[in-house]
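Comments concern the structure below.
If you're wondering where the values come from, they're calculated on a predicted model, not measured in any experiment. Chain identifiers are assigned alphabetically (A, B, ...) following the order of the sequence lines, protein sequences preceding nucleic acid strands; residue numbering begins at 1 within each chain.
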Number of protein chains: 2
Amino acid sequence: MEALNVERLDRAKFSEFGDILETENAHNYLINNGNTVRFHDMARIDLLGTNPKAMISIFRGSPYPLPVEIELMERHPLGSQAFYPLQKNGYLVVVAPDEDGRPGVPNAFFATGLQGVNYHANVWHHPLLALNKTSDFIVVDRGGEGDNLQEHYYDEPYVIERV
Amino acid sequence: MEALNVERLDRAKFSEFGDILETENAHNYLINNGNTVRFHDMARIDLLGTNPKAMISIFRGSPYPLPVEIELMERHPLGSQAFYPLQKNGYLVVVAPDEDGRPGVPNAFFATGLQGVNYHANVWHHPLLALNKTSDFIVVDRGGEGDNLQEHYYDEPYVIERV
């Protein structure tokens with residue numbers, strides 16, 4: 001199996017796949033008579049298709065032990081999907097460019113516990129990859145009519161051996 | 001000044017104002033081949049008016065020392081606004097029923113650090129009320145065209161003396 005290098009999550013490298021949600025270096029301004037700092041509008045939320053609605057859920061992910069095999073990828077053609085960690089636990093983010101309707105070679109990133117990610121609509125990604133311990137994430141994604149899930153299994157899985 | 005009692009946040013008492021986001025006793029099911037528990041669709045996200053969009057922001061609230069005077073209330077006629085705490089810090093939630101376009105007597109709640117709230121569109125509420133320490137919240141609210149803010153100052157403020 002081909003091993004994937006894990007990079008630190010970086011706005012420039014991730015921009016083709018989605019958004020990084022973090023306060024560091026983020027646009028912000030004061031509201032509420034100066035009492036509150038607003039780090040404003042950090043994600044492009046895609047709500048496509050018929051009768052879409054935005055949803056807020058919590059995902060509780062069991063940890064993956066290393067090495068992690070990357071076999072199944074998925075994408076949501078009708079909506080974005082944002083994850084923000086609730087216990088400051090770092091996690092893995094694995095995305096891939098589309099190649100003729102299938103995911104290409106994956107890019108693997110380590111997200112710190114102070115970084116959320118938002119996959120844009122139709123971006124191939126691995127399901128939630130918590131590490132070390134069970135981890136909760138606030139998730140903002142799309143509900144509504146239509147088939148919003150596509151899955152693909154790589155013929156030959158990739159592997160993440162270390163983070 | 002009239003003192004407000006602070007109640008524990010409770011779904012039945014809060015339902016006329018919005019939603020409580022918490023995993024305890026929440027509808028959930030397994031996804032991702034059993035690896036992840038999804039606590040599903042915990043908030044009604046209102047996106048009204050012209051060209052609305054959903055936004056994800058982070059609010060960093062400075063703590064209010066007690067006693068807290070409740071003078072200014074606000075509401076967002078075109079969209080809901082959800083808050084979820086990121087450091088498990090408890091906070092105050094103050095809402096009020098509408099009385100002919102103005103907020104009535106407020107209801108004050110203590111939210112634990114494992115409870116988020118979602119104010120439905122047009123529900124009177126006090127701006128973010130962190131306690132004890134600076135606290136971050138993931139916020140999901142509405143952007144787009146139109147005036148989405150109304151404010152009201154009580155002639156006689158209320159006071160929260162203890163939590």
message = Looking at chain B, which one of R38(A), E74(A), M55(A) has the largest number of heavy-atom pairs inside 4.5 Å, strictly under?
response = R38(A)
message = Just so I know, are the side chains of V6(B) and L4(B) near enough to count as touching, which here means a heavy-atom distance under 4.5 Å?
response = no
inquiry  = Are Y64(A) and I160(A) packed together at the side-chain level, in the sense that at least one heavy-atom pair is separated by less than 4.5 angstrom?
reply    = no
note = Value for CE (M42(A)) from CG (N28(A)), rounded to nearest 0.5 Å, stands at 10.5 Å
ask   = Remaining members of M1(B)'s ILVMFWY cluster at a side-chain heavy-atom cut-off under 4.5 Å?
value = V159(B)
key: Ion pair check, D46(B) and K53(A), cut-off under 4.0 Å   = no
query = Can you list every side-chain hydrogen bond (donor to acceptor under 3.5 Å, both in side chains) pair that touches residues 151-163 of chain A, not counting sequence neighbours?
reply = none
request  = Look at V37(B), L47(B), T134(B) and state which one has the largest set of heavy-atom pairs under 4.5 Å with chain A.
outcome  = V37(B)
request  = Begin with the C-alpha distance, continue with both residues' side-chain angles, and end with the deciding distance and a verdict on side-chain contact (heavy atoms from CB on, under 4.5 Å) for N132(B) and N89(B).
outcome  = CA-CA 8 Å; N132(B) 300 317; N89(B) 298 335; over 6 Å; no
Any residue of residues 102-129 of chain B which, by heavy atoms, sits under 4.5 Å from chain A = P127(B), L128(B)
inquiry  = Give the interface residues of residues 9-24 of chain A toward chain B, defined by a heavy-atom separation under 4.5 Å.
reply    = L21(A), T23(A)
key: Contact check, side chains of T36(A) and L30(A), non-hydrogen atoms, under 4.5 Å   = no
ask   = Does any non-hydrogen side-chain atom of S80(B) lie less than 4.5 Å from one of I45(B)?
value = yes
task = Flag the pair Q87(A) / K133(A) as yes when at least one side-chain heavy-atom distance between them is below 4.5 Å, and no otherwise.
result = no
task = Please step through ring-ring contact (aromatic ring centres under 6.0 Å, His included) for the pair F137(B) and Y91(B), ending with a clear verdict.
result = CA-CA 11 Å; F137(B) 295 78; Y91(B) 59 103; 4.8 Å; yes
message = With chain B as the partner, which of L86(A), V140(A), D136(A) has the greatest number of non-hydrogen pairs under 4.5 Å?
response = L86(A)
query = Are S135(A) and R60(A) close enough that some pair of their side-chain heavy atoms sits under 4.5 Å apart?
reply = no
key: chain A contact via N33(B) - side chain, backbone, both or neither, heavy atoms under 4.5 Å   = side chain
Proximal component of I58(A), with respect to chain B [non-hydrogen, under 4.5 Å] = both
note = Comparing D141(B), I138(B), D41(B), V139(B) against chain A, the one with the most heavy-atom pairs below 4.5 Å turns out to be D41(B)
query = Given a strict heavy-atom distance threshold of 4.5 Å, which part of F59(A) is in contact with chain B: side chain, backbone, both, or neither?
reply = both
Step-by-step ring-ring contact (aromatic ring centres under 6.0 Å, His included) determination, H40(B) to Y29(B) = CA-CA 8 Å; H40(B) 181 64; Y29(B) 52 91; 5.5 Å; yes
